[in-house]
There are 2 protein chains.
Amino acid sequence: MEHVGTALAETTLPAISPLGGEPIERADAERLAGVLKALADPARLRLLSLIQSAPEGEACVCDLTAPLGLSQPTVSHHLRILTEAGLLEREKRGVWAYYRLVPTAIGAIADLLTPPRKRATKKAAR
Amino acid sequence: MEHVGTALAETTLPAISPLGGEPIERADAERLAGVLKALADPARLRLLSLIQSAPEGEACVCDLTAPLGLSQPTVSHHLRILTEAGLLEREKRGVWAYYRLVPTAIGAIADLLTPPRKRATKKAAR
DNA sequence: TGCGGATATGCAGGCGAATCAATGCTGTTG
DNA sequence: CAACAGCATTGATTCGCCTGCATATCCGCA
């Protein structure tokens, strides 16, 4: 592995809504698609949901394999995808690795998908 | 393909936010993942953006192949995916097929992704 | 009726993703 | 120190998707 860059936190996102004003660029489309692709998986959606609804808002891998019905390596794989996408953060305490949501991450995606509502994007109204 | 059902409009969506309360069910996760998967593609994001920013908010296939740099069958394919996901609606006028956004569709996804903010998920529960 | 343009569909190649088994690594416990 | 438990990584397999080419279908027009 190399670049464990959090596509959301660091690179931020396209910075322009795909439904805001002018057509989006190829590069922006690919970046946003990358984050959405991390979300577009049943197992990963359930992982986010499970972690969010866990006692302290955090969970370790051993707590997640059973409810998902997936093997431990597979769960680790999905958690890795979500973490690299900037949706999860990992904290290792002892033998356990605790994952929790990055609070603003999913909200940022939701904002990007929220069209020309009254969201003042500087008079981005086409 | 059979069922050209609009996963969003007709079947609606999970009805529960993946980040709302209790963990989401497998079926709901798969449904939401299905719609997100339709979004998680650079070409399709650009299609949505192009259509939304078109003169009348609508565009036909012939207007979309050039800016995307994809072949006509491929563009038709993507438009089909988006339409079946409930994100686009198709209207055939003469020889041309005009596509436009389903206004509430993407907003619905954004709402689902918007976490336990102060959003009252009172009604529509269940 | 026949021709041509605009879309949709079938088919196939190629790449990426999801999954699991096996293995390596690290920290805990006896 | 040795054995063990929790996670991550690698390799292999399977599956699905994106794309283009060829072809079929539909509609307006001469």
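Values reported hereafter were calculated over all heavy atoms of this structure, with side chains retained and with hydrogens, waters and symmetry mates removed. In what follows, chains carry the letters A, B, and so on, assigned in the order in which the sequence lines appear, proteins first and then strands, with residues in each chain numbered from 1. For clarity, every value in this text was computed on a predicted model and none was experimentally measured.
- Look at CG on A/Leu68: it is 13 Å from P on C/dA18, rounded to the nearest Å.
- In this structure, A/Glu30 atom CD and C/dG16 atom C1' are separated by 14 Å, rounded to whole Å.
- Contacts of A/Arg90 with the nucleic acid, taken as non-hydrogen atoms under 4.0 Å apart, involve only primed sugar atoms and P, OP1 or OP2.
- A/Trp96 and A/Leu64 end up in different hydrophobic clusters when Ile, Leu, Val, Met, Phe, Trp and Tyr side chains are linked at under 4.5 Å.
- Just one of B/Leu39, B/Leu79, B/Leu47 meets the side chain to side chain contact (heavy atoms under 4.5 Å, CB included) condition when paired with B/Leu87; it is B/Leu39.
- Distances from the side chain of B/Ser76 to the nucleotides C/dT28, C/dT9, D/dC7 place C/dT9 closest.
- At whole-Å resolution of the value, CZ in A/Arg46 and P in C/dT19 are 11 Å apart.
- Hydrophobic clustering places B/Tyr98 together with B/Val95 (ILVMFWY residues linked when any side-chain heavy atoms are closer than 4.5 Å, directly or through intermediates).
- Rounded to an integer number of Å, the gap from NZ of A/Lys37 to C1' of D/dG16 is 12 Å.
- By the criterion of side-chain heavy atoms lying less than 4.5 angstrom apart, applied directly or through intervening Ile, Leu, Val, Met, Phe, Trp or Tyr residues, A/Leu50 is not grouped with A/Ile81; the two fall into different hydrophobic clusters.
- Distances from the side chain of A/Trp96 to the nucleotides D/dC18, D/dC7, D/dC27 place D/dC7 closest.
- Annotation: the span from B/Leu32 atom CG to B/Asp28 atom CG amounts to 8.5 Å, rounded to 0.5 Å.
- B/Tyr98 comes within 4.0 angstrom of no nucleic acid atom, judged by non-hydrogen atoms across all strands.
- Put simply, CD on A/Glu84 is 12 Å from P on C/dA18, counting in whole angstrom units.
- When rounded to the nearest whole Å, the span between CZ of A/Arg93 and C1' of D/dC7 equals 15 Å.
- At a threshold of 4.0 angstrom between heavy atoms, the contacts of B/Arg44 are confined to the sugar-phosphate backbone, with no base atom among them.
- The phosphate of D/dA8 (OP1 or OP2) has a side-chain N or O of A/Tyr99 nearer than 4.0 angstrom.
- Here D/dC7 is the nucleotide among C/dT7, D/dC7, D/dC18 with the atom lying nearest to any side-chain atom of A/Val61.
- Within the 4.5 Å cutoff, side-chain heavy atoms of B/Leu68 are placed close to those of B/Arg46.
- OP1 or OP2 of D/dT9 lies within a sub-4.0 Å distance of a side-chain N or O belonging to A/Arg80.
- Take B/Glu58 and apply the side chain to side chain donor-acceptor pair (under 3.5 Å) test, not counting sequence neighbours, and it matches B/Arg93, B/Arg100.
- In terms of the side chain to side chain donor-acceptor pair (under 3.5 Å) criterion, residue partners of A/Thr74 (sequence neighbours excluded) are, by chain and number, A/Ser71.
- With distances taken from any side-chain atom of B/Val95 to the nucleotides C/dT7, C/dT19, C/dG5, the minimum falls on C/dG5.
- One atom, CG of A/Leu39, and another, P of C/dA17, lie 15 Å apart when rounded to the nearest Å.
- A/Ile81 has its CD1 atom 18 Å from the P atom of D/dC7, to the nearest Å.
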Atom pairs under 3.5 Å, N or O on each side, protein against nucleotides 20-25 of chain C: can you list them with distances?
| unit_1 | atom_1 | unit_2 | atom_2 | d |
| --- | --- | --- | --- | --- |
| C/dC20 | OP2 | A/Ser71 | N | 3.0 |
| C/dC20 | OP2 | A/Ser71 | OG | 2.8 |
| C/dC20 | OP2 | A/Thr74 | OG1 | 2.7 |

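- Nearer the 5' end of DNA chain C, as judged by each residue's closest nucleotide, is the contact made by B/Ala97, out of A/His77 and B/Ala97.
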